[in-house]
Every structure is written in C-alpha cells, then in structure tokens.
Amino acid sequence: MKEDMRIRLMVAILDRGRGWKAVELFSDFGLHLHYAMRGIGTADSELLNYLGFGETEKDVLFTLLPGYTVPKVIEAAKEKLHLAIPGRGILFSMPLSAISNAVAQNVTGEAYHPETEKEEEMAKTKKDLILVMASTGSTDTVMDAAKKAGARGGTVLRGHRVKDSKEKPGDETVHPEKEIIAILVPRELRQPVMDAINKEAGIATECRGVLLSLPVDEVAGLTGF
C-alpha cells in the first residue's frame, strides 16, 4: 500500500514550557519544521480546575508532516506527553488545501501535487485560510501582494521558528520573531493569492515566507465571500 504523502498541519497546545518536549518527540520522527507561539487559555478557573489545567499560559506549536506519520506521532504523543490525562494538552492534525513547493520538498522530499488531495474533501469547502510564516517586518509586503491578487485583509500573529529539540517554544531569544499572517480567501482566489505572495515574499526572497493553506468549512461575519 502506497504511503500517504499528503502534508498535514499538526497543532500542539500544551502548558507553557512543555512545548519543547513535543519538539523532541517530533524530531524522533524526522520532523523539523516547527513554528511556536505563546497562547493563553480562556476557560474560567472552575472549568480549568475540573479539566485539570493548573496553568492557563500555553505553548502552541505548528508542525508540518507527511500524512503517513500522523497516526504514529499521535500514538507516541499520547504516551510521552501524557495526553490521555485530562488537562495535559491537545494534539490534532488538519489537511492542507495547498502548500508551496519548496516547503513540500522540505517535508516529504517531493514537490506538491494538488491532485493528491481528495477531490471530495476539497469540494466541500468554498474558502481557504492562507498562512504565511515570514520574517519580522514582512507583513506589508505580504498583504500588498495578497490584496493585488484580490484578498481583502489579514491577521498577524507572532511566533518564532524552532529548528531543533534544544530550543524551547515560547523563548523569543532563540530565533528572531516570525510574523504569521492569516488571510481568508474564497477558493477561487487561493492560488492567485498564494502565487502573488510567493513571488514577492516567498522562501526565495528576503521575507523567507513559508506558505500553506487550510480548507475552511463555515464562516460568519464576512459578506461578499
């Protein structure tokens, strides 16, 4: 049976300081492309106590990986990160609707082929969330390119690249801060917007932008999309 080479985005949400343990675990599976951010839990104290969350500050880790590794990583995480215990953290993966070729080759050693994504899965979605992980100061370049291609706006998050298991998520002194720009677009604009951003702010530019997109099912608060 052919291995699933479709790239997935894995998200780990753990108590502050435990993100590095996830990085160490993922490194054991040959996964090295991570982006870390600080997060804050929003549940009230009563609910947090019930769930076993003694700490509301979180490490949020984005990791790209080939589909065939997902079940193995999740099973290992349940054991080594103690995720079977309520309140110890959350780990989940999501399919991508598109990704830049340079990143795909870094993750799987192969170029990205849109036809490898299941048509029936993509047919259910009409919008995509484009994520651009780029060097600090790149937002204007990214958004100018995106808007010229038809995007309306975006949201900027702050994070940093984690390159190996010795570097702890949440420690901004490890690497220069990264800007993560999230842009929601209609499905028909996904590729033109990604192409425009890749040209002006992609991995081969000074912005060093890593691009990917996620399928979106339902949206509220937007008109004209």
Side-chain angles (χ1 to χ4, degrees), residues 3-39 41 57-110 112-114 116-118 121-122 125 128-134 157-171 174-175 178 180-182 194 203 209-217:
E3 292 183 326
D4 182 4
M5 299 298 288
R6 291 174 296 171
I7 298 174
R8 297 291 185 264
L9 175 66
M10 180 163 284
V11 180
I13 304 174
L14 305 163
D15 285 343
R16 180 66 49 80
R18 294 185 69 235
W20 67 272
K21 293 184 178 180
V23 173
E24 288 184 334
L25 172 63
F26 298 160
S27 296
D28 291 341
F29 288 89
L31 308 176
H32 304 289
L33 189 55
H34 317 285
Y35 290 88
M37 294 169 288
R38 290 178 179 266
E57 293 186 331
K58 305 296 177 187
D59 285 341
V60 181
L61 194 68
F62 287 178
T63 300
L64 292 169
L65 70 171
Y68 69 87
T69 64
V70 171
K72 300 174 184 178
V73 172
I74 289 180
E75 282 303 311
K78 287 180 181 178
E79 177 183 353
K80 295 186 178 181
L81 300 179
H82 310 293
L83 298 185
I85 302 173
R88 298 307 298 270
I90 299 171
L91 183 70
F92 58 92
S93 68
M94 297 179 288
L96 304 183
S97 52
I99 191 169
S100 55
N101 274 325
V103 180
Q105 290 174 335
N106 181 286
V107 176
T108 66
E110 299 180 1
Y112 170 71
H113 300 290
T116 61
E117 297 298 336
K118 293 183 179 179
E121 291 180 1
M122 294 299 102
T125 66
D128 288 273
L129 179 67
I130 297 172
L131 296 178
V132 185
M133 282 73 81
L157 308 173
R158 302 295 182 185
H160 70 273
R161 170 80 185 275
V162 180
K163 289 188 177 180
D164 61 50
S165 59
K166 295 180 181 178
E167 300 163 352
K168 299 181 180 181
D171 182 0
V174 172
H175 285 292
K178 291 287 185 178
I180 303 176
I181 303 103
M194 290 186 72
I203 195 70
V210 170
L211 285 73
L212 57 90
S213 70
L214 304 166
V216 174
D217 290 329

Taking atom [atom1] of [X] and atom [atom2] of [Y], what is their separation to the nearest 0.5 Å?
X: I74; Y: L83; atom1: CD1; atom2: CG; answer: 9.5 Å
X: S213; Y: L96; atom1: OG; atom2: CG; answer: 7.0 Å
X: N106; Y: L64; atom1: CG; atom2: CG; answer: 8.5 Å
X: H82; Y: K21; atom1: NE2; atom2: NZ; answer: 6.5 Å
X: T69; Y: R8; atom1: OG1; atom2: CZ; answer: 10.0 Å
X: L81; Y: E24; atom1: CG; atom2: CD; answer: 10.0 Å

Taking all non-hydrogen atoms of both residues into account, name the closest pair between P215 and D128 and its distance.
CA-OD1, 3.8 Å

What one should report as the nearest heavy-atom pair of L214 and P95 is CD2-O, 3.4 Å

Can you list everything that forms a side chain to side chain contact (heavy atoms under 4.5 Å, CB included) with I203? Sequence neighbours excluded, please.
A102, R208, V210

Run the side chain to side chain contact (heavy atoms under 4.5 Å, CB included) check on F62 and V11 step by step: do they pass?
CA-CA 5 Å; F62 287 178; V11 180; 3.9 Å; yes

Using side-chain heavy atoms (C-beta onward) and a distance below 4.5 Å, is [X] in contact with [Y]?
X: L91; Y: L14; value: no
X: S97; Y: I130; value: no
X: I7; Y: V103; value: no

List the steps, then state whether side chain to side chain contact (heavy atoms under 4.5 Å, CB included) holds for L33 with T63.
CA-CA 6 Å; L33 189 55; T63 300; over 6 Å; no

Using the rule given for side chain to side chain contact (heavy atoms under 4.5 Å, CB included), can you reason through M94 versus L129, listing the C-alpha separation, both sets of side-chain angles and the distance that settles it, and then say yes or no?
CA-CA 12 Å; M94 297 179 288; L129 179 67; over 6 Å; no

Could you list the residues that satisfy salt bridge (charged side-chain N to carboxylate O under 4.0 Å, His left out) with K72, not counting sequence neighbours?
none

Could you tell me whether a side-chain N or O of D59 sits under 3.5 Å from a main-chain N or O of G19, the two making a donor and an acceptor?
yes

Looking at residues at least two apart in the chain, or sitting in another chain, which of them share a side-chain hydrogen bond (donor to acceptor under 3.5 Å, both in side chains) with E75?
K78

